[in-house]
Amino acid sequence: MKHFTLILTFLTITLITGCQKSPSGLRAPQGKVIGTVNQDRITVPEVNYAAEQLRVEVTAANLPKILDRMVAVNLLAQEAIRRGFLKDEKVISGLAWNERLYLASELTSRIAETAEPTSGEILEYFQKHRDDFGLGLKMMLMVIADSVIAEQTRSELLAGADFAKLARERSLDTSYITVPGYPTRGVGMSFGWGLADEEAVFNLKPGEISPVIPTLVGYQIVKVLEKRVLTDNPALNQATQYYIGEALKEQRRRQVMDSLLTSLKEKAKVVLSPEEYTR
């Protein structure tokens, strides 16, 4: 299975890299050519990108393995073209969508690189929230698929509904109805919370319900059961520095992306006809 995952990864790379057409009809990668597969080129930038996706450095030892996989992907892609896949509506749509996804992801990554906080900013944040880093929370959590249902559920909870009962009925993940132990600051990274979301949760008093927290896995609601001081003198250790740095970086990335999307939407001409989908 792992082998096929790598094949699919390289296939995506091969199909969306570059801007000119190769003899086979695929996009031709740019840069210094270090090999060919039939008439399709393998270039240095393409190898570097492939290694980056595998999270390895290109070395004399692993370069032959990377090239061997790239050859396999190119051969499979060429065979797919020979069988007429580039005339298939589903394939064409998939390639077009993956190209847009890649470009959007690359833009997001480059924006994130510019949002890297300084050590001084990390220290400043820690000092401002030092007391929070000494706390542990006993809490309950539910994940709702729909934002409207999540807001409705929160209203019911605020009116006195039983958290565990609603969580068992509506949560996508019931394994965290009661979160184990006393999680500390940084737990939000594992739950997909933004920095402001985690701050809001740690500002809750026992018995209080959080606002609905939108995440990639659904809309989360938290109830704090107990607040416990785990240490009176929390330290800015390596783990805490890493968490604050990543959290600040993600917060800034979101702010820039939200601002950029708002600006782009204001300038764009968007026409949607959802009724045409079923006609």
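All residue numbers in this chain count up from 1 along the given sequence.
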Legend entry - Derivation of the side-chain contact (heavy atoms from CB on, under 4.5 Å) call for Thr36 and Ile42: CA-CA 6 Å; Thr36 58; Ile42 294 177; over 6 Å; no
Legend entry - Glu250, Gln220, Glu198 screened by side chain to side chain donor-acceptor pair (under 3.5 Å) with Trp193, the one that passes: Gln220
Inset, instruction - Would you confirm whether Ser273, through its side chain, and Glu276, through its main-chain N or O, come within 3.5 Å as a donor-acceptor pair? - result: no
Inset, instruction - Determine, for Glu275 against Arg279, whether the closest basic-nitrogen to carboxylate-oxygen distance falls under 4.0 angstrom. - result: no
Inset, instruction - Compare every heavy atom of Leu86 with every heavy atom of Ile92, then report the nearest pair and how far apart it is. - result: CD1-O, 3.2 Å
Legend entry - Heavy-atom closest contact (Leu137 atom, Lys227 atom, distance): CD2-CG, 3.2 Å
Legend entry - Note, Tyr242 side chain near Ile122 side chain (heavy atom, < 4.5 Å): no
Inset, instruction - Assess whether side-chain contact (heavy atoms from CB on, under 4.5 Å) is satisfied between Leu195 and Tyr125, documenting all intermediate values. - result: CA-CA 11 Å; Leu195 189 60; Tyr125 182 89; 3.4 Å; yes
Inset, instruction - Nearest 0.5 Å please: distance from the CG atom of Leu95 over to the CZ atom of Phe85. - result: 11.0 Å
Inset, instruction - Assess the pair Phe133 and His129: is the distance between their ring centroids shorter than 6.0 Å? - result: no
Legend entry - Taking every non-hydrogen atom, the tightest pair across Arg69 and Leu54: NH1-CD1, 4.5 Å
Legend entry - Where Lys32 and Pro45 come nearest, the two heavy atoms and their spacing: N-CD, 4.2 Å
Inset, instruction - Please determine if Lys165 and Glu156 form a salt bridge, counting it only when a charged side-chain N lies under 4.0 Å from a carboxylate O. - result: no
Legend entry - Minimum-distance pair of heavy atoms, taken over all atoms of Ser171 and Val143: OG-N, 3.0 Å
Inset, instruction - On the 0 to 90° scale, with breaks at 30° and 60°, tag the Tyr102-Tyr49 ring pair as parallel, tilted or perpendicular. - result: perpendicular
Legend entry - For Ser210 against Val201, the heavy-atom pair lying closest together: CB-CG2, 4.4 Å
Legend entry - Heavy-atom side-chain contact between Ile221 and Ile213 under 4.5 Å: no
Legend entry - Lys249: which of Arg254, Glu116, Glu113 passes side chain to side chain contact (heavy atoms under 4.5 Å, CB included): Glu116
Legend entry - Neighbour count >12 (heavy atoms, 6.0 Å) for atom CD, Glu124: no
Inset, instruction - Run the salt-bridge test on Glu199 and Lys128 with the 4.0 Å N-O cut-off and return the result as yes or no. - result: no
